[in-house]
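Comments concern the structure below.
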Amino acid sequence: VAILFSYAIQIKILNFIYTKMATALNSWENHQKDYQSTNFLATKLILFDFVNSFSPIYYIAFFKSNGGIESLFVDNCIEVGCIKEIETQLYTTLAINFSINFVEIWLPLFKYCVHKKTLEKLKEQHKIENSVILESDNKFEIIPHTIEHQLISVPYDHLIGEYSEVLILFGYVCQFSVAAPLTPLIAFCLLYVEKFVDTLKMFFLVR
């Protein structure tokens, strides 16, 4: 179980590292047009996500052994067999993906609250008047999409990654639903949660 869990964690860690690397490499390519830069970056990220997300399951499906003489040379599946291990690995990966959504919403929310508190203190210290901010009971209310809201919102430039997550979920459903019958239902629930989290994040927390 620990190995299956480590596979799922490894996918997220490598995705994070490669996203930073691909963004830097793509900027060094010095594309003439903005759409060219976006297309090349999307290609890099989606191809890597494909290999990184599916390789642990491909390894279990095609390289691990159910036993016999070949098990002397390659890893052996757990006692219940490779199909069961594929199912367990896939459910573990999807569970990790579900938990990551909470990080995606709580980390920007934490930064947003810190920035908002800082802005409130500055306004109290310098007595700055601004018609965009409503003042009631000595508390400031930040209205979405105003200048103040843009100042305290967290910068966000990983929209390609949001589309990539949807494509990876679609790949899980198409390729591994036979081994893991609950995959379509879990993917549907993940898509619903992803839509809710992204809507909340895009509208209130990031710019």
Side-chain angles (χ1 to χ4, degrees), residues 1-20 22-23 41-67 74-112 154 156-206:
V1 175
I3 294 177
L4 300 180
F5 187 79
S6 66
Y7 280 158
I9 293 294
Q10 158 202 301
I11 291 173
K12 290 300 180 182
I13 293 176
L14 291 180
N15 277 349
F16 176 79
I17 294 174
Y18 184 76
T19 297
K20 300 296 185 182
T23 303
L41 179 60
T43 302
K44 291 181 181 69
L45 293 178
I46 291 174
L47 287 177
F48 179 81
D49 282 352
F50 182 91
V51 174
N52 187 42
S53 299
F54 298 144
S55 56
I57 303 179
Y58 285 164
Y59 172 74
I60 297 171
F62 299 109
F63 295 97
K64 272 198 168 187
S65 169
N66 281 310
V74 297
D75 290 342
N76 193 20
C77 285
I78 56 179
E79 296 179 358
V80 291
C82 287
I83 292 294
K84 188 64 178 178
E85 187 169 346
I86 290 173
E87 181 181 12
T88 305
Q89 176 64 68
L90 187 56
Y91 291 158
T92 304
T93 302
L94 293 175
I96 295 296
N97 289 346
F98 179 80
S99 63
I100 291 296
N101 282 293
F102 292 98
V103 178
E104 286 185 8
I105 192 65
W106 283 109
L107 187 58
L109 180 61
F110 173 76
K111 293 181 179 179
Y112 179 88
V154 181
Y156 186 75
D157 57 356
H158 190 49
L159 192 59
I160 297 174
E162 305 295 346
Y163 291 105
S164 179
E165 290 180 10
V166 175
L167 291 175
I168 296 301
L169 280 178
F170 184 73
Y172 284 141
V173 172
C174 290
Q175 299 178 80
F176 308 116
S177 292
V178 174
L182 293 179
T183 301
L185 177 61
I186 297 174
F188 176 80
C189 295
L190 272 173
L191 285 174
Y192 185 83
V193 172
E194 187 76 26
K195 182 194 73 170
F196 174 78
V197 169
D198 288 346
T199 301
L200 184 62
K201 180 172 62 177
M202 298 295 179
F203 188 79
F204 290 105
L205 303 178
V206 300

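Quick note: numbers below take in every heavy atom, side chains included, and nothing from hydrogens, waters or symmetry partners. We count residues from 1, following the sequence as given.
- Two residues are said to be in side-chain contact when any heavy atoms from C-beta on lie closer than 4.5 Å; L45 and Y18 meet this criterion.
- To the nearest 0.5 Å, the span separating CG on N52 from CD1 on I168 amounts to 8.5 Å.
- Residues I11 and S53 share a closest heavy-atom pair of CD1-O, 3.7 Å.
- Under a 3.5 Å cut-off, the side chain of S99 and the backbone N or O of I96 do form a donor-acceptor pair.
- Contact check for F50 versus L167: no side-chain heavy atoms found under the 4.5 Å cut-off.
- Contact annotation: the side chain of N97 approaches that of Y172 to within less than 4.5 Å [non-hydrogen atoms, C-beta and beyond].
- Here I57 contributes atom CD1 and Q89 contributes atom CD; the two are 6.0 Å apart, rounded to the nearest 0.5 Å.
- Heavy atoms only, all atoms of each residue included: T23 and T19 are closest at OG1-O, 2.7 Å.
- To the nearest 0.5 Å, the span separating CD on Q10 from CG on N15 amounts to 10.0 Å.
- Rounding to the nearest 0.5 Å gives a distance of 13.5 Å between CG of D49 and NZ of K44.
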Name the atoms and distances for all side-chain donor-acceptor pairs under 3.5 Å in residues 176-192, with sequence neighbours left out.
from: S177; atom 1: OG; to: V173; atom 2: O; distance (Å): 2.4
from: T183; atom 1: OG1; to: A180; atom 2: O; distance (Å): 2.7

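- The closest side-chain heavy-atom distance from Y58 to Q175 is below 4.5 Å.
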